[in-house]
Amino acid sequence: MPALEIIVNGAPRTVAPGATVADLLADLGIARGRVAVERNGAVLPRAEHGRCALVAGDRLEVVAFAGGG
Amino acid sequence: MPALEIIVNGAPRTVAPGATVADLLADLGIARGRVAVERNGAVLPRAEHGRCALVAGDRLEVVAFAGGG
Amino acid sequence: MPALEIIVNGAPRTVAPGATVADLLADLGIARGRVAVERNGAVLPRAEHGRCALVAGDRLEVVAFAGGG
Amino acid sequence: MPALEIIVNGAPRTVAPGATVADLLADLGIARGRVAVERNGAVLPRAEHGRCALVAGDRLEVVAFAGGG
Amino acid sequence: MSNDVWSVGGHTFGSRLLVGTGKYASIDQTRAAIAASGAEIVTVALRRVKLDRTKPSVLDAIPSGCTLLPNTAGCTTVDDAVRTARLSRELGMSELVKLEVIGDERTLYPDNAATVRAAEILVGDGFTVLPYCTADVVTVKRLCEVGCAAVMPLAAPIGSGLGILNPHIIKLILEMVDVPVIVDAGVGTASDAAVAMELGCDAVLMNTGIAAAKEPVLMAEAMREAVSAGRKAFRAGRMPRRAYATASSPETGLIGDGPAKLPNSPVS
Amino acid sequence: MSNDVWSVGGHTFGSRLLVGTGKYASIDQTRAAIAASGAEIVTVALRRVKLDRTKPSVLDAIPSGCTLLPNTAGCTTVDDAVRTARLSRELGMSELVKLEVIGDERTLYPDNAATVRAAEILVGDGFTVLPYCTADVVTVKRLCEVGCAAVMPLAAPIGSGLGILNPHIIKLILEMVDVPVIVDAGVGTASDAAVAMELGCDAVLMNTGIAAAKEPVLMAEAMREAVSAGRKAFRAGRMPRRAYATASSPETGLIGDGPAKLPNSPVS
Amino acid sequence: MSNDVWSVGGHTFGSRLLVGTGKYASIDQTRAAIAASGAEIVTVALRRVKLDRTKPSVLDAIPSGCTLLPNTAGCTTVDDAVRTARLSRELGMSELVKLEVIGDERTLYPDNAATVRAAEILVGDGFTVLPYCTADVVTVKRLCEVGCAAVMPLAAPIGSGLGILNPHIIKLILEMVDVPVIVDAGVGTASDAAVAMELGCDAVLMNTGIAAAKEPVLMAEAMREAVSAGRKAFRAGRMPRRAYATASSPETGLIGDGPAKLPNSPVS
Amino acid sequence: MSNDVWSVGGHTFGSRLLVGTGKYASIDQTRAAIAASGAEIVTVALRRVKLDRTKPSVLDAIPSGCTLLPNTAGCTTVDDAVRTARLSRELGMSELVKLEVIGDERTLYPDNAATVRAAEILVGDGFTVLPYCTADVVTVKRLCEVGCAAVMPLAAPIGSGLGILNPHIIKLILEMVDVPVIVDAGVGTASDAAVAMELGCDAVLMNTGIAAAKEPVLMAEAMREAVSAGRKAFRAGRMPRRAYATASSPETGLIGDGPAKLPNSPVS
């Protein structure tokens with residue numbers, strides 16, 4: 001089965017078939033505690049990160065708080 | 001044939017059957033040069049005042065310029 | 001020996017012959033700790049209040065601190 | 001008879017014995033109409049320019065109007 | 001100087017003072033004040049005729065050469081404003097309209113969002129739209145995008161006479177738009193009008209500042225001169241501000257004993 | 001309106017703008033600016049003639065009808081100021097003098113105390129003294145007591161163009177003195193001049209505000225109009241300031257279905 | 001005094017200073033400045049994580065007791081703002097959001113109309129919305145109508161430090177709304193913050209005013225005191241302004257020969 | 001921060017707020033307000049004792065650690081002021097004196113010339129003289145020349161509460177003198193005090209601003225904080241003013257479809 005093409009934070013990325021959002025974050029070395037994820041325009045609650053399998057063409061936003069006013 | 005009930009500038013008024021807008025203005029003693037007329041929400045061009053027969057329920061606005069800033 | 005006429009704070013006053021400034025203040029019921037005295041335009045130091053005998057025509061100012069900005 | 005040393009506008013100058021203020025101005029090429037002269041701290045009226053003989057040590061100010069606010 | 005003109009909607013004007021016709025004591029006073037103001041654009045309102053009696057028309061007060069600028073004052077909805085504008089066009093035979101959609105009664109502040117919508121409709125309808133708005137850069141951008149012929153930010157609440165409360169934002173707007181910027185509302189006295197023009201505004205519109213003065217006709221004259229003065233000062237390029245004084249002339253040549261010790265005339 | 005004149009030292013003037021003659025690029029520019037300003041009183045400084053060459057006199061720039069107002073600019077002592085005034089009188093054939101005794105080099109602030117002393121001497125000497133001073137009520141009182149014909153408080157440092165930094169104190173001075181009050185120094189642009197006149201000042205004196213503009217002649221014209229505008233606004237009596245908006249016309253008569261629901265034209 | 005608290009969205013606060021977390025030199029400086037400010041509400045932005053490296057989180061700089069106020073800074077559409085708010089809620093576990101929809105790049109002025117629409121959506125979505133807006137009475141009314149928990153009018157452009165450019169309009173807004181009014185943007189120094197509070201605002205939000213000072217931590221302390229001082233002055237009820245001086249004490253009792261001729265101490 | 005002290009006449013102080021003792025409703029209120037103000041220097045006036053009755057002394061209201069600063073308020077001549085100062089020294093056991101020589105009744109403006117003369121006498125007499133004066137650069141120079149330990153220019157008329165009417169001239173004075181500059185008179189609310197300190201003044205003296213507030217004790221606290229805030233802001237070095245907005249963070253990293261298109265959080 002071929003790898004999946006998705007978009008993460010605006011850039012293309014390839015993930016293994018069956019990979020979940022949690023897998024992706026682990027891959028990226030991102031501690032889950034401090035990020036939020038939007039999938040195809042809707043927030044993906046943290047509780048679902050481990051259940052949600054990625055699909056080809058998914059558009060993810062992975063965000064965190066930064067300094068701002 | 002009974003008189004027609006219309007609304008002129010927000011107040012009820014009775015006009016004779018067949019009366020035109022021009023007739024109404026003449027009745028009201030209004031010089032046509034300095035007023036504009038709206039009939040049921042649309043401007044009634046001056047050229048049509050004499051042709052436009054009033055219909056029961058018509059809502060007219062007869063307006064003129066006044067001091068303002 | 002007749003009483004002496006002096007001016008205290010702009011008003012005439014009579015004192016006994018031989019009276020000192022200290023006597024006057026006592027007479028007036030003024031605690032010496034919180035007033036200063038000027039005699040004929042010059043400050044009379046507190047230490048001299050008891051030594052300074054009044055002379056007819058003396059002009060005294062007896063002043064204290066008051067609220068001000 | 002020796003020439004006279006005077007001060008004109010803060011600088012030393014030599015004039016011939018017997019020279020008047022008018023002579024000096026003529027020497028300097030100054031039209032009399034537009035200057036005023038002060039001699040030793042006092043204004044010398046124009047009418048006296050021709051009569052006033054210079055004396056050694058005289059301090060003259062020769063002034064005119066200039067642009068100012 | 002004679003050719004310092006400005007244009008809006010294809011009309012060209014020499015005077016940069018626009019005046020209203022409300023609040024005067026009489027038609028005669030209105031006429032005299034307009035004449036004294038030298039205004040070439042005069043605003044009028046539209047209202048229902050009184051059906052029972054005739055009275056002199058405000059039009060009698062307006063010099064024949066003037067351009068009428070009907071307003072939609074008092075309108076609080078897009079629909080009322082559009083209908084009022086259309087009736088005004090029918091009356092005035094002109095496509096010019098001063099668009100007002102009021103959003104708050106006490107301050108007579110415009111409803112900017114509704115104003116943008118009404119402007120879009122009226123522009124589509126062929127009007128030359130001059131909208132009253134707050135001094136808000138984004139509203140002004142939108143008004144330009146929908147095709148307004150000018151923008152008319154308020155300087156202070158209508159009829160308040162408080163002057164140019166926020167000159168900085170007027171300057172930001174001037175840097176941002178290509179259409180004429182006309183300060184509308186808030187001018188209370190001559191210097192306010194001059195300040196508006198010195199900022200670089202194309203024109204000033206006022207009514208109460210003249211009509212509510214003790215002597216309106218004299219104030220109209222003052223405003224005429226103030227607008228002209230402010231415009232000329234803008235064109236002339238004011239001196240730079242300096243924290244300290246600066247003497248004017250060479251600092252030599254004063255009377256005194258030795259080397260000249262006093263500067264020549266510092267200027268005021 | 002034609003008779004809104006003012007007087008100082010027995011002279012009567014129609015123009016309320018006094019101008020200086022320093023800092024211009026040329027005599028021609030000076031002449032054109034003075035003419036454009038409409039000023040009837042023109043200040044000049046006094047300085048030592050250059051002994052070596054002749055150059056055009058500033059007097060060539062001054063229209064024949066104007067009144068010369070020689071100053072004592074640059075003087076820093078009573079004695080220098082008095083001597084300078086006397087020389088100016090000899091030159092100008094007039095008893096008028098703008099008295100300046102400078103007390104600080106960087107700000108060109110006057111030495112008020114020395115100015116009072118010099119004024120007293122010059123008044124005794126028959127001069128009509130117009131003293132430059134700070135906007136200080138006590139100094140102004142003293143200057144009046146010694147017989148000055150006017151007082152000329154500064155609005156901001158000479159040549160700074162900062163405008164009327166403290167309008168409140170100018171108002172206090174106006175309420176306090178009977179002689180003309182002429183704002184001298186600090187006016188940077190037309191609106192500054194208008195503000196001074198709206199406060200109730202009798203006249204404004206300026207030099208750098210005109211001469212240091214990019215286009216001095218156009219600015220001179222702006223200043224002429226601004227002074228006139230400010231004066232007329234003062235005489236006309238400005239509208240009262242209001243915190244809120246005020247509609248102008250009867251709040252009835254707007255189009256709409258039922259009872260008229262919109263106010264007539266609120267005026268700008 | 002201890003109970004001079006204020007509330008927004010069901011939260012109650014003692015401090016009336018809200019601070020941002022942008023533009024600091026380091027996380028340590030951020031932390032020290034927030035601590036010095038005494039702020040109980042701290043704004044943060046949301047952005048994409050850098051996928052390649054880990055760096056300290058801004059959250060490390062925020063004292064544990066503080067309430068996070070995520071913003072939607074940088075968003076220019078309703079949709080982006082709504083999505084950003086939802087992500088922030090997911091991150092912050094809180095329903096609070098500082099809503100910004102920017103409409104102009106150079107001034108960072110809000111798009112008020114879009115802000116109202118986004119606010120309506122977010123309120124419907126259960127958010128406690130604190131919208132950044134211009135000081136426009138009609139926009140503020142609309143924001144209240146759609147259920148915002150506070151309004152946050154700008155005092156001057158974001159990051160400009162120009163202070164309260166139009167205090168009058170802030171006062172009009174205060175008289176008009178029931179929710180807290182928080183001045184957001186434009187405060188440049190301590191007195192600006194005090195002025196905002198003296199007008200009657202409920203709180204002040206700032207970032208650059210602290211972070212861009214030469215010594216941010218000291219400025220944070222200054223701002224804490226200034227906000228408190230302004231609030232207390234507002235509550236204390238300032239003295240009336242008077243045109244003239246007023247002596248304080250009975251005008252008798254001074255030294256002097258006859259009847260007392262000098263007033264007692266006039267107060268400063 | 002703990003060592004941000006200042007000195008006058010050999011005394012060193014931590015608080016930069018000096019307060020008067022006039023106009024309070026009672027001695028108790030005076031005491032509470034002084035305590036709340038944190039002032040370390042407290043002014044008092046001198047007057048003739050009432051010969052007929054005893055009443056509580058103003059001294060009872062002054063915390064024991066405070067330094068008394070007797071004034072010569074109400075004096076209108078050099079002689080009265082000098083005599084009053086000498087009596088105050090006799091009473092207060094201190095060489096400090098706030099010198100006032102009033103030259104105008106309605107504005108309570110000082111007679112600067114007389115003040116300089118009185119200062120010279122008192123300095124010769126061993127006093128540490130803090131003179132009340134107008135914000136006049138030349139007067140201030142003279143006061144320094146005769147040996148005053150500080151200068152105390154007025155910000156606005158005594159008891160007027162009009163605030164810092166001319167900040168520019170206060171700045172010029174600060175650049176010019178080496179002794180402490182204490183703004184005296186005119187402060188009406190907390191932000192006025194902060195502004196004075198932000199200009200760089202060493203301290204502020206006030207009385208009516210506190211005593212005539214509706215709640216003087218709360219206002220005293222506000223003033224204490226405002227003076228401290230203004231001082232800290234001055235020391236911290238305020239951000240530069242900018243005409244436009246400036247975003248704070250890198251302009252990348254916002255959510256969105258393609259390349260990040262939104263700036264990170266612009267800060268308020």
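Proteins come first, then strands; the chains are lettered A, B, ... in the order of their sequence lines, and each starts at number 1.
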TODO: Could you have a look at G:Ala213, G:Ala194, G:Ala220 and say which one has the most heavy-atom pairs with chain H under 4.5 angstrom?
DONE: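 The answer is G:Ala213.
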
- [ ] With a 4.5 Å cut-off on heavy-atom pairs, point out which of G:Ala243, G:Pro216, G:Ser228 contacts chain H the most.
- [x] G:Ser228

Task: Partner chain G: residue of H:Glu215, H:Arg224, H:Arg231, H:Met239 with the largest heavy-atom pair count (under 4.5 Å) - done: H:Met239

Open item on the list: Is it the case that atom CZ in G:Arg241 sees more than 12 heavy atoms from other parts of the structure closer than 6.0 Å?
Closed with: no

TODO: Working to the nearest 0.5 Å, report the span between CZ of G:Phe234 and OG1 of H:Thr189.
DONE: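 These two atoms lie 11.0 Å from each other.
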
- [ ] Report the distance from atom CD1 of G:Ile255 to atom CZ of H:Arg83, rounding to the nearest 0.5 Å.
- [x]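 Interatomic distance, G:Ile255 CD1 to H:Arg83 CZ, rounded to 0.5 Å: 4.0 Å.
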
Output a table of donor-acceptor pairs, distance under 3.5 Å, between side-chain atoms of residues 155-163 of chain G and any protein atom two or more places apart or on a different chain; print 'none' if there are none.
{"unit_1": "G:Ser160", "atom_1": "OG", "unit_2": "G:Pro157", "atom_2": "O", "d": "2.7"}
{"unit_1": "G:Ser160", "atom_1": "OG", "unit_2": "G:Leu162", "atom_2": "N", "d": "3.4"}

What are the two closest heavy atoms between [X] and [Y], and how far apart are they?
{"X": "G:Ala236", "Y": "H:Leu218", "value": "N-CD2, 3.8 Å"}
{"X": "G:Ala233", "Y": "H:Ala222", "value": "N-CB, 3.6 Å"}
{"X": "G:Ala226", "Y": "H:Ala229", "value": "N-CB, 3.5 Å"}

TODO: Quick one: do G:Lys23 and H:Thr246 satisfy side-chain contact (heavy atoms from CB on, under 4.5 Å)? Show the steps, please.
DONE: CA-CA 11 Å; G:Lys23 277 193 170 172; H:Thr246 43; 3.3 Å; yes

Open item on the list: Any heavy-atom pair between the side chains of H:Glu225 and G:Lys232 that's under 4.5 Å?
Closed with: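 Touching, per the 4.5 Å side-chain cut-off.
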
TODO: Report yes if some heavy atom in the side chain of G:Arg242 is under 4.5 Å from a heavy atom in the side chain of H:Thr208; otherwise report no.
DONE: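 Sidechains of H:Thr208 and G:Arg242: in contact.
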
Open item on the list: Strictly distance-based, threshold 3.5 Å: is any side-chain N or O of H:Glu198 a donor or acceptor partner for the main-chain N or O of G:Ser191?
Closed with: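 Answer holds: yes.
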
Task: Listed partners of H:Arg238 passing side chain to side chain donor-acceptor pair (under 3.5 Å), at least two apart - done: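 Per chain and number, H:Arg238 pairs via side chain to side chain donor-acceptor pair (under 3.5 Å) with no residue.
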
Open item on the list: Need one label for G:Ile210: side chain, backbone, both or neither, based on atoms under 4.5 Å from any heavy atom in chain H.
Closed with: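 For G:Ile210, neither part sits under 4.5 Å from chain H.
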
